[in-house]
Novice: 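Pasting in a structure now, in structure tokens, and then I'll have a few things to ask.
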Amino acid sequence: MASRVVKQPIISRNSRKYDPWDLMFKEEAVTDSGVYNAQTKIYDTFITLAKTWASNDVLSLFRQVFIHCVDSTESNLTPALYILLQAGNEEDFHYTLNRVCYILVNNWETARDQDAIIELIDVLTMATDLKTGNSPKLRKLRRWVTTFLESQAFRDLKLYTSRETQSSHWTHRYTSYLLTAQSLNQNNPDEQRLAANIASNEMRREFKRNLAMYTLQSDKSNYSTDTLKNPTLLGEHVLPLIRKILTKKGKFGCQDVANIFLAQSKNAKFKHFKRGLAEYIVFAIGSEEITKLLQTQISEYLETLYTHYDKRPVDDAILLRTANQMIDFLIMNRRGTPAPTMTLLLSKGYALTLAILLLKVIMISPKSRKYLEGKIGDLVSYYGELPEGECQWLIQFLEILNVTFTIYSDRGSTLGG
């Protein structure tokens, strides 16, 4: 349903009610409950209108309210926005604007209206070209919107247009991991976490379809390499890599070994479980030298992990926490810096070995997969400022990881055979 434009009455300055163009309006203290109620009014209105109005009309209202501080519709959102401006807390305003954006993104993703999402980003981006305005409130609004556009929150928001707007930056290929990191961040609004989860899942499904088609066509004797689109950056090496990974899916492959380890660990005390875990992780991963080195490092790490649980039987909760800790040990620690284990393996050319180590962790704790993908997203962000030429070692690992986990994503996969 399209919005109905109505004539707004001019509110007298003497009435002391909100007029966005009133230069003499005196600010008064706003309570926390007042801010909360104003935010709720804004959220509820956009939730309703996103479901009932055409996207063009919603975008028009969004532009009026958050860019021009007016409202020519019956929604009457400007008093609520004024309360946020009057309260003077820029962080509250940024949170409100960010959450409204994801309310719209979620609805338009469901409706497959990607053009509306792109236009939403454009509406915000173009705000930087506008004059600051005459009203103190409008100047504050424009200033706050500008700082929002310079924030990580807006950079995160722009990821939702990545499928339609191709970027030359190397991190663009790993947007699904960046989105997963968003979905796991408890500080993000629920709407953002939901949108990030949906978008990242769709990107992984698309990669899986493309890789399956490429592999099937490549297996045909009369295929033409000129017509095939390789979804990876591994070039002609991707097909031998796939075949090498598939050999690990045969008898006593990763899943079989994981099942055996879990069966043997049933009802085991946590202390004994950790010893077995170190052996399981490094079982049949490669050279004897790297196997011994990793087993020593992993054993020493696990020995001091959660020692207060050592005499307790392993349950699902302890298993999940331990698996997540292993991911930290292999990829990125909780201080936000890359793990020495990852740096060592990749520097020696063991990208596939690291991918298999991570796969073996997920095989015994499938619920840890999202945690792993979030850590990969953190890793991409950590190195994101570096030029592509300095990140080839990481890019190769990410490509191999994508292929490995796509093949093992489910047993019915075309790639899995």
Side-chain angles (χ1 to χ4, degrees), residues 159 162-180 200 202-250 253-254 285-287 290 330-331 338 342-359 362 372-373 375-377 379-410 413-417:
L159 292 177
S162 62
R163 279 172 285 179
E164 281 68 29
T165 56
Q166 294 298 316
S167 170
S168 59
H169 198 274
W170 68 268
T171 60
H172 175 79
R173 287 185 53 81
Y174 312 109
T175 296
S176 65
Y177 293 117
L178 297 172
L179 288 170
T180 300
S200 62
E202 177 56 34
M203 288 181 178
R204 278 192 293 275
R205 285 193 293 268
E206 183 178 1
F207 178 81
K208 180 177 180 177
R209 287 193 298 268
N210 292 339
L211 185 61
M213 290 298 297
Y214 178 77
T215 305
L216 284 172
Q217 293 181 61
S218 299
D219 285 338
K220 297 178 181 178
S221 59
N222 61 345
Y223 82 90
S224 171
T225 55
D226 295 333
T227 61
L228 295 174
K229 182 175 176 58
N230 185 345
T232 79
L233 296 179
L234 298 172
E236 61 184 12
H237 302 294
V238 65
L239 296 177
L241 172 66
I242 289 173
R243 295 187 181 99
K244 185 174 183 179
I245 295 172
L246 286 176
T247 61
K248 296 179 180 293
K249 294 192 71 175
C254 286
I285 62 166
S287 71
I290 198 68
L330 293 171
I331 289 292
M342 181 198 73
T343 305
L344 171 67
L345 289 174
L346 297 188
S347 67
K348 292 182 176 294
Y350 288 106
L352 179 57
T353 297
L354 179 57
I356 296 298
L357 290 173
L358 293 167
L359 177 65
I362 301 306
L372 168 61
E373 291 169 354
K375 282 292 181 177
I376 298 296
L379 191 65
V380 172
S381 295
Y382 184 88
Y383 289 104
E385 299 299 321
L386 294 180
E388 183 173 349
E390 296 181 22
C391 297
Q392 287 303 308
W393 57 275
L394 176 60
I395 291 172
Q396 182 190 42
F397 163 66
L398 294 173
E399 294 294 314
I400 291 174
L401 186 74
N402 281 346
V403 173
T404 302
F405 273 79
T406 298
I407 290 174
Y408 274 93
S409 58
D410 62 26
S413 169
T414 304
L415 291 168

Novice: Measure the spacing between OH of Y350 and CG of L357 and express it to the nearest 0.5 Å.
Specialist: 11.5 Å

Novice: What distance do T343 atom OG1 and L394 atom CG have between them, rounded to the nearest 0.5 Å?
Specialist: 10.0 Å

Novice: Apply side-chain contact (heavy atoms from CB on, under 4.5 Å) to the pair L211 and N402, showing each step before the final yes or no.
Specialist: CA-CA 10 Å; L211 185 61; N402 281 346; over 6 Å; no

Novice: State the OG1-CD distance between T171 and E388, to the nearest 0.5 angstrom.
Specialist: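 T171 atom OG1 to E388 atom CD measures 9.5 Å (nearest 0.5 Å).
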
Novice: Measure across S200 and S176 and return the closest heavy-atom pair with its distance rounded to 0.1 Å.
Specialist: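 Scanning both residues completely, I find the closest heavy atoms to be CB-O, 3.4 Å.
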
Novice: With a 4.5 Å cut-off on side-chain heavy atoms, are Y383 and I395 touching?
Specialist: no

Novice: Please check if the number of heavy atoms outside E390 that lie under 6.0 Å from its CD is greater than 12.
Specialist: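 Buried by this count: over 12 neighbours within 6.0 Å.
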
Novice: Measuring from atom CD1 of I362 to atom CG of L358, what distance do you get when rounded to the nearest 0.5 angstrom?
Specialist: 7.0 Å

Novice: I need the minimum non-hydrogen distance between F207 and P231, along with the two atoms involved.
Specialist: CE1-O, 3.5 Å

Novice: So, taking the atom named CG in L401 and the one named OH in Y174, what distance separates them when rounded to the nearest 0.5 Å?
Specialist: 10.0 Å

Novice: Are I290 and L345 packed together at the side-chain level, in the sense that at least one heavy-atom pair is separated by less than 4.5 angstrom?
Specialist: yes

Novice: Look only at the side chain of E399 and the backbone of L234, and say whether a donor-acceptor pair between them is shorter than 3.5 Å.
Specialist: no

Novice: Can a salt bridge be assigned to the pair R209 and E206 using a cut-off of 4.0 Å between side-chain N and carboxylate O?
Specialist: no

Novice: Considering non-hydrogen atoms only, spot the tightest contact between T353 and I285 and give its length.
Specialist: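 Nearest pair, atom of T353 first, then I285: OG1-O, 3.7 Å.
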
Novice: Which heavy atom of M342 sits nearest a heavy atom of W393, and at what distance?
Specialist: CE-CZ3, 4.2 Å

Novice: Which atom names give the shortest non-hydrogen contact between A355 and F405, and what distance separates them?
Specialist: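 Closest heavy-atom pair between A355 and F405: O-CE1, 4.0 Å.
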
Novice: What's the separation between atom CG in L359 and atom OH in Y408, rounded to the nearest 0.5 Å?
Specialist: 6.0 Å

Novice: So do the side chains of Y214 and T232 get within less than 4.5 Å of each other, counting heavy atoms only?
Specialist: no

Novice: Would you check if L233 and W170 make a side-chain contact, meaning some heavy-atom pair closer than 4.5 Å?
Specialist: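 Side-chain contact under 4.5 Å: no.
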
Novice: What are the two closest non-hydrogen atoms of S381 and L178, and how far apart are they?
Specialist: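 So the two residues come closest at OG-CD2, 3.3 Å.
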
